[in-house]
Each structure stands twice: as structure tokens, then as C-alpha cells.
Amino acid sequence: MALLRHTTGEIKERSALTVNPAKTCQPVGAMYAALGVKGCFPHSHGSQGCCAYHRSALTRHYKEPVVAGTSSFTEGSSVFGGQSNLIAAIDNIFTLYDPEVIAIHTTCLSETIGDDLRQISQKAIDDGKVPTGKHIIYASTPSYVGTHVTGYANMVKGILKGFVKKTGTPNDKINVIPGFCEPSDMAEMRRLAAMMGVDITMVPDTNGVLNGPLTGKYEMYPNAGATPAEIATMGDSKATIGLGRWATTEAVNYLDSEFKVPGKVLPLPIGLKATDMYVDMLRRLSGKDVPDAINFERGQVVDIISDYSQYFYGKKVAMAGDPDQILALVEFVITLGMIPAYTVTGTAGKYFDERMKELLKDVPYDCKFKCGGEADMFLLHQWIKNDHVDLLIGNTYLKYIARDEDIPLIRHGFPILDRVGHQYFPSVGYSGAMRLMEKFLGAILDREDRDAPETRFELQM
Ligand code: SF4
């Protein structure tokens, strides 16, 4: 019996009901961004259920411990305000857990009652609850606005607001704000910059925090992440590159408007074209040549595309995920000759529709896409029921559709709860493109091997 047996192919217009959303709420994105600062303890200002859920979402995705505190609102604080909860929490966290930084975000509850984080944080400092040399930073992350990607973007801006200063001494570095992507992706963006000899400051940077080694000793604050001292210098940098429009525009604009550091927002460097844009932007901003080693990797990507285009060509793909990830993936699957037949993202934005139209203009198929609240996996499933696809790309929640409809699933994005790899191996850059192609091709050819009649069961493909 089908797991999602109540999903029918008959599509009715919905305006108030979301089923199997392709998104989650702001604070989990804020918590993730905060973990990309060295010695940082994320703190959720609200009731404790949110914090437990968000820690567990990150832990299940990364299979790593995720620390975070909560203001543990009671009914009383929900009515009269959570100031005393937050000040007591700050005091307790510095006393018991000794972080360098506490990064506070909010939940629906504290946002609805209107707690003022700036005022409460100042009071905590005035009351002597923040030890000398330690920091508290904050960001408002109302869950009824946007999604986890918005929360990430808000916290990244909060981190910059908390630390960046202009000293007046230019440092010739380039700021890189990675989008909502994996620690391994951040490491890959760094590796490419290092290969070009470009000195970058990356914030946040979760590499080494959420994909660290097992040493036998638990480190609450791994020796990784961007340090407050490094972040402080970002106002003196030459330029900023943001990778992913939803996740990084706020931060890029902030550095531009407050510190006159010019910025450019590019797509997440997933696939050939988007990686070319990242490498080329590093080249233009730094004035350094692209080294042969990078050209070599790019050439390998082109080689795989030409060797295997016969298997990619015309394959129909359905995708669900975050908009920055999805737009880059759509461009990549088109580069491979595949058809991005159905696409949903729970994160809304006019740019999504515009960019999708632009990307799809030469695709010879009536591709369907939707963003926002009702753009959920239920709708994706209904589209698939009406016209089958060859491949699914998205997070673990798609496995129900994959099983019911017998479609291979490429796990990508957040969250992935039932596989590893995402935190250790990148899907950005040329090496990430090679990894993605290996996954796509493996899934397509495994299916061909499974379904081929004996007479067409080939040893060599
Ligand atoms: S939607 Fe609101 S109540 Fe639910 S987990 Fe998110 S912040 Fe908490």
C-alpha cells in the first residue's frame, strides 16, 4: 500500500493549507549561522520547545552534538515579557558554559509579544552580566516571516552588526558570505579561493564545527569557525561576495551601506556556470589569474558532461528545496541536458519566478514551478502523479514520494536525516559538480540496470 495514499492526481487550488512543506522556520537557520562563529553559543529567546526541535533538526542532519540555550518562557513571561528570562539565561550561560559569544535569536512567541532584543542586551551589559572580552549579538527571527533561509540571512547580518568595525586601514581581503550550504561546501569555496591565492574572510564558516572528527574528547566549542577578531576586520575589506540571493543579500548590503565595502551577490556555485561565476568574480576582484589547477578541474567537469550526456539527455527531474540551492541546481541540470520538470520551494520571492522563467525559456517542456507557502511536496507529488519523472532531487522527506512512485532520489539540501556525505563532501565548485554528476548518473544507470530486459542488460554503459 502506498505511504502517501491520500495524495491524488487531482489538483485543487489551495490558499490556506500546506501539506509536507518544503521549508522550516527561521530560528533553525539562525542557529546554524551562529555555529559558524568560533566559540559561539546560540540562544533561542522563546519557549523551550523551539530550541529542542531546532537542535534536534541540526543534530539529526549532521550527526553531531549541537549546543544551544533557551530563555524557557513560561506563561508568565509570554504575557509580561521575557526580559528577566533572557538576562538570567545570559548570566547562566557565561557562568556554566563559558562561550566567547552568545548569539541570540527569537521565536514566534517573543516576536509576537514584542520583546526588544537591543534593549534587553544593553541591559544585560549594563547589569554586568557579560564578562569583559565576551560578546552578545542578536537577530530578530520571526517564524511567520520567510523560512529557515531568512533566519540564516538575519543572523549573518546580526553577526556582522555585532562585530564589524571600520578601522580605516584597508586589508585587501575579500569577504565571502557563503549561503545556506554545508560545511563541506564552505570548505570548497575556501579551497578555490586559496588555489587562486585570494585571501578571504568567510562568515559564517561551519567547516570543522559540524563535520569534525571523533577524538574521544567532547569539545563544546570546536577549534573552527570565524573568529570575532577576523569578523571585525570585514569593514576594511576590498569587496564582498555573497553566494545565494536569499541567504546573503542582507549581509552584502549591510557591509556596503555601513562600511562602503562594495558587494556582489552571485548564485551558490553549484554546477559549471555558477562555479565559473564565483571563480571569475574572485579573479576580477583580486586581479589574480585563474591557475591551471582550477582550469584542470573545470575541464574534468566538461569531460564528464560530454562523456555521459547521452544518459543525462532528456531525463525529467523533480526538485524541492531552498531557493538558492534550487536555482543553481536547475541551471546545472539544464546544462546537463536534463529537464527540470517540476520544482517547488517553500521560500517565497518574486525573483524565484523571474529567474525560473529565464532559465526555462529554451527548455522544450512545459515545466512547472512554484514558490511560497503552498509550494509544498504535496503539490510536487500531485504533478508527478500526472506525469512521471526520472529523478527526484531534494531532502529526506522526498523519500516517501520516491518509494510510492518508484523514482530514484538524490538526497540534497536540508535536512538529510538518513544518509551521510553532505557534511563531508561538497556539492559546490567543480569537484562538487563532479560529485553531483556521479550521483545523478549512478541513480539513472542503476535504474536502467534494474529495469532492462536480460537481452539489454549491458556490461558496459
Ligand atoms: S514556528 Fe514558531 S513555535 Fe514553531 S518551532 Fe518555529 S519558532 Fe518555534
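Values below: every heavy atom of this structure, side chains too, minus hydrogens, waters and symmetry copies. When a ligand or atom number is given, it counts from 1 through the structure's own listing order.
Taking backbone and side chain together, C25 holds no N, O or S atom under 2.8 Å from atom 8 (Fe) of ligand 1.
Atom 4 (Fe) of ligand 1 lies below 4.0 Å from none of the non-hydrogen atoms of the protein.
Between H54 and ligand 1 there is a heavy-atom distance shorter than 4.0 Å.
When each atom of ligand 1 is checked for a heavy atom of T107 under 4.0 Å away, the hits are 7 (S).
With W383 as reference, Y342 is the one residue of F369, F378, Y342 to meet the ring pair (Phe, Tyr, Trp, His ring centres under 6.0 Å) rule.
For atom 8 (Fe) of ligand 1, the closest heavy atom belonging to the protein is C50 SG, 2.3 Å. Among protein heavy atoms, atom 7 (S) of ligand 1 sits closest to S143 OG, 2.8 Å.
Residue contacts with ligand 1 for C108 involve both N, CA, C or O and side-chain atoms from C-beta outward (heavy atoms, distance under 4.0 Å).
The environment of OH in Y365 is crowded: more than 12 heavy-atom neighbours from other residues, nucleotides or ligands sit within 6.0 Å.
Between Y430 and Y278, the ring centre distance reaches or exceeds 6.0 Å. A ring-centre distance under 6.0 Å is not found for Y138 and H105. Separation of the H412 and H422 ring centroids does not fall under the 6.0 Å cut-off.
A side-chain donor-acceptor contact under 3.5 Å links H148 and D322.
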